[in-house]
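Order of the sequence lines sets the chain letters (A, B, ...), proteins ahead of strands, with each chain counted from 1.
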Amino acid sequence: MSIQILPAQLANQIAAGEVVERPASVVKELVENSLDAGADQIDIEIEKGGHKRILIRDNGKGIARDELGLALSRHATSKIGTLDDLECIVSLGFRGEALASVSSVARLILTSRPPNQSEAWQARAEGRDMAVDIQPAAHPVGTTVDVVDLFYNTPARRKFLRTEKTEFQHIDEVLRRIALSRFDVAFSLKHNGKVLRRFPRCNSEDTRLKRVATIAGNEFAQQALVIHSDYQSLKLDGWLLPPQLARAQNDGQYVYVNGRMMRDKLIYHAIRQAFEGLVDEQRYPAFVLFLSLDADQVDVNVHPAKHEVRFHQARLVHDFIYRALDDVLQHNLTQVDQSAERQTLAPAVPDHDYISPLRPARSDHQISDGGSRPAAARSGATSAPAAGYSRYQQLMSPQTSADPTQSSHYWLLDDGMVALFDEGQLRVCSAQQVIEVASRVPEEDKAVVSQPLLMPVSVSADSGLLHIAQQRYEPLLALGIDIGWTGQRIMVRKVPAGMRQQNWADILPRLLSENATPPFDQAWLQRVLHPVSDNIDENQLTSALKLLRHDPEGWQTLLQRSAVMPVASWWKEQHNNG
Amino acid sequence: MLPVPADRAPDSVNTLIKRAQALAGLSLGELALQANVQVPEHFRREKGFTGQLLERFLGAEAGAKAQQDFPDLGIELKSIPIDPSGQPLETTYVCYAPLLGVAGIDWASSNVCNKLRHVLWVPIEGDRSIPPAERRLGTPFLWSPNADQYAILKADWEELMERVALGHVDSITARLGQALHMRPKAADGSALTDAIGQEGQRIRTRPRGFYLRTTFTAQILADQFG
């Protein structure tokens, strides 16, 4: 078979598979449409359990003549217009599927008259393309949907239909559930011409309780505990039967989320948890509960029949329902009179005693719940070492030859000597002298910032070494090196910033060498870190020279210590001798 | 010059830090000698030894396990075993994970958040080849989660606690959670405790604890000693 677009009717029939399961689902979809249309009187007439006919008449705002055709097409709705609307559904329907789906699996006649139209019009869709035929009709303000011969063209579905009685019971149950959600609307239900249910509008607590009694039973209405609870923007209202009156069947369970009837797992989980241990395993608690929350906190676009929803803050909603019910049940257990006043739940605190209020500690260790302050606090705590480190990095960064004014100033010669070029003169000095002079450049250019070693380095010590360590503790500390000792060991705990990667296990014995003489200053430290015997590290030399170039005094000192190479006289000598 | 066990709780963060830093580089053997206690031969049975020894030198309030170690300062003490390259050797236990009575508890009031607000980390050599008495303490440091770390911990906690509250505690594996994870706590797998089941009923399950992943603690160490 080649790929082809499905005819409209077939597409609608497929969609109907999800939404229209049995006559009761048709009733649910159509009554919800009536409610969304603002009706406050809805009459339902059923023939033969809905197999033969389902007729819903309302006094809602009606559908204009021009829109009747659209009303019967799929993906046509007045309830949402943009994706943003989907985030915040306040109507019961929104998918724009119900009428089109039903009319694809039954003979559907839609008759409607909005208040501003003097006459009513009637529409029906027929054939594989669902062409809509519109005729004038007589009808009061409002809409009637007449559904005849459900599943006449889908025999497979028809086979699943139960007896008229069973299907009617399903319809009755749907109406009871809807009636509980809208006390402000009057409903009537006829079966085979006989009025079986009549729910007048309720405008007082008494009449509301009467409707509850009709639907959930007299016992329920008389014995039920009232619940009015809120927490933040969540509200839970309704009634629940004390646990000792739990029923043998689970037919007394009604839950609504923002007026929409629901069998949601999360909600039932919370309810079950609240009744845990209070109700016998074999029995079912009975309740009528209305949960309301901001429409943007709940996603109803999960299930075509909308039996389930997704809460953005699932745990918050779950815990609220559990705590609200638990509250009422515990009150009931302790026989305290339940006041009809709304209960606002206090924020929960862990029932352990280990939360001690934080004492305002030093500000650089304080953090906020919002999580915005820690960053600032942290940067405050680390800025000093970080700054020191960057200074040090600057100091130690190797000179790049890309900078001609810098690179042309010196050459490191093979024998550890340095040739300098200064104001037209060639000078030489030892590399060690450069390092030493650089190390005397005043302190502010190399602020001593200590950083701890993750694992302090230690050497074993005899009493002689220990004595030396004690003597050098202060001067070393001034150089950024924090040493400590135990009976047997001397260790380095902190080192100058940026020098953590050095091999301190090798350096420590040299710092404690008995041959060293005061002053124990930067120059000495540099000699210890970079012993003369070692090959001079070119990077180190570069840094030292760079430092000196920016310190006129230091540069002059270096020049004084260096010798001018008498290039001209040497040349003459060579030339004359030659 | 060797530190001695503290006779009272530190009265300020500074005192605590000073006490802690005096321990850097010392071995458990040296500390035990000072405190006049015996270092166990191996840590298999006495896992809490290091922590208890540290508590004595720092003046932590012993006893109430669920409380912060320095409640007046709001600081929690955590020792962290590291390998020779300075990497954490194991996950860090934070606290017991409550499986009941959790309704309405949010992150900010949770004991995980409470404990991780301010932590005094004490690195310690944890390589198995080093006998306990010779294991040395690294440099202790005070830490608070930065904004990113805080957000990650919060998200992990919320995801884990949602499963606990909604009755899916058995679906929680140690793989769940970027920085914080939850896993059975008891050494002995037969211990059981009450929890919430899938239908809202009571079930029996193994007790759980919250742990910090080594990737997370390694980053904390790297930030400090980079």
Side-chain angles (χ1 to χ4, degrees), chain A residues 231 265-266 268-277 314-316 318-320 322-323 326 345 347-359 361-362 365-367 369 371-375 377-378 381-382 451-458 484-489 491-494 500, chain B residues 1-2 12-14 21-22 24-26 30 64 66-68 71-75 82 86 98 101-111 113-114 117-118 123 125 136 138-139 141-142 144-151 154 158 161-162 165-167 196 198-202 221 224-226:
Chain A
Y231 184 69
K265 273 192 79 169
L266 178 124
Y268 278 81
H269 185 272
I271 295 171
R272 168 82 195 267
Q273 210 186 319
F275 279 98
E276 173 69 22
R315 196 178 150 234
L316 185 76
H318 173 275
D319 288 359
F320 164 66
Y322 164 75
R323 291 176 65 212
D326 187 56
L345 294 186
V349 283
D351 53 353
H352 329 273
D353 65 345
Y354 52 74
I355 303 293
S356 69
L358 285 186
R359 204 173 73 170
R362 284 182 11 208
H365 296 305
Q366 198 67 21
I367 99 166
D369 289 347
S372 57
R373 260 192 295 164
R378 213 173 142 67
T382 56
Q451 288 180 334
L453 295 170
L454 169 56
M455 194 48 77
V457 167
S458 66
W485 49 87
T486 69
Q488 305 86 39
R489 289 187 293 119
M491 66 194 109
V492 180
R493 286 174 175 154
K494 287 185 185 168
R500 282 198 284 229
Chain B
M1 186 67 188
L2 276 173
S12 71
V13 177
N14 254 334
Q21 284 180 345
L26 299 178
E30 286 168 315
Q67 207 169 20
Q68 287 156 329
D72 290 343
L73 305 175
I75 292 175
I82 55 171
V102 298
I105 307 288
D106 63 3
W107 159 250
S109 65
S110 72
N111 42 357
C113 177
N114 187 44
R117 268 172 217 272
H118 311 284
E125 284 179 332
R136 291 175 309 143
T139 300
F141 62 98
L142 205 58
S144 286
N146 63 29
D148 288 345
Q149 290 165 332
Y150 189 90
K154 181 168 186 269
E158 283 173 348
M161 288 312 289
E162 181 171 308
L166 304 189
I196 306 161
Q198 287 204 19
E199 308 296 328
Q201 80 282 27
R202 286 282 166 89
L221 290 175
Q224 182 72 18
F225 299 104

Audit row: B/D106, A/R315, side-chain contact (heavy atoms from CB on, under 4.5 Å) steps and yes/no: CA-CA 10 Å; B/D106 63 3; A/R315 196 178 150 234; 5.7 Å; no

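Taking every heavy atom of both residues into account, B/T139 and A/P452 meet most closely at CG2-CB, 3.4 Å. Across all their heavy atoms, B/G138 and A/P456 have their closest contact at CA-CD, 3.8 Å.
In this structure, chain B has no heavy atom under 4.5 Å from any part of A/F320. Interface remark: B/A24 contributes backbone and side-chain atoms alike to the contact with chain A (heavy atom separation under 4.5 Å). If you measure heavy-atom distances from B/E162 to chain A, the contacts under 4.5 Å come from both the backbone and the side chain. Interface remark: A/Q273 contributes backbone and side-chain atoms alike to the contact with chain B (heavy atom separation under 4.5 Å). Looking at A/L316, neither its backbone nor its side chain comes within 4.5 Å of chain B, counting heavy atoms on both sides. With a 4.5 angstrom heavy-atom cutoff, B/L221 touches chain A only via side-chain atoms.
A/R272 contributes no side-chain N or O that, together with a main-chain N or O of B/Q198, makes up a donor-acceptor pair within less than 3.5 Å. With hydrogens and angles ignored, the 3.5 Å screen pairs no side-chain donor or acceptor of B/R202 with any backbone N or O of A/G277.
Within the 4.5 Å cutoff, the side chain of B/L166 has no heavy atoms near those of the A/K265 side chain. Taking 4.5 Å as the limit, some side-chain heavy atom of A/H269 sits within range of a side-chain heavy atom of B/I196. Within the 4.5 Å cutoff, the side chain of B/Q224 has no heavy atoms near those of the A/L454 side chain. Between A/M455 and B/R136, some side-chain heavy-atom pair lies under the 4.5 Å cut-off.
In terms of heavy-atom pairs under 4.5 angstrom with chain B, the leader among A/M491, A/K494, A/E276, A/H318 is A/E276.
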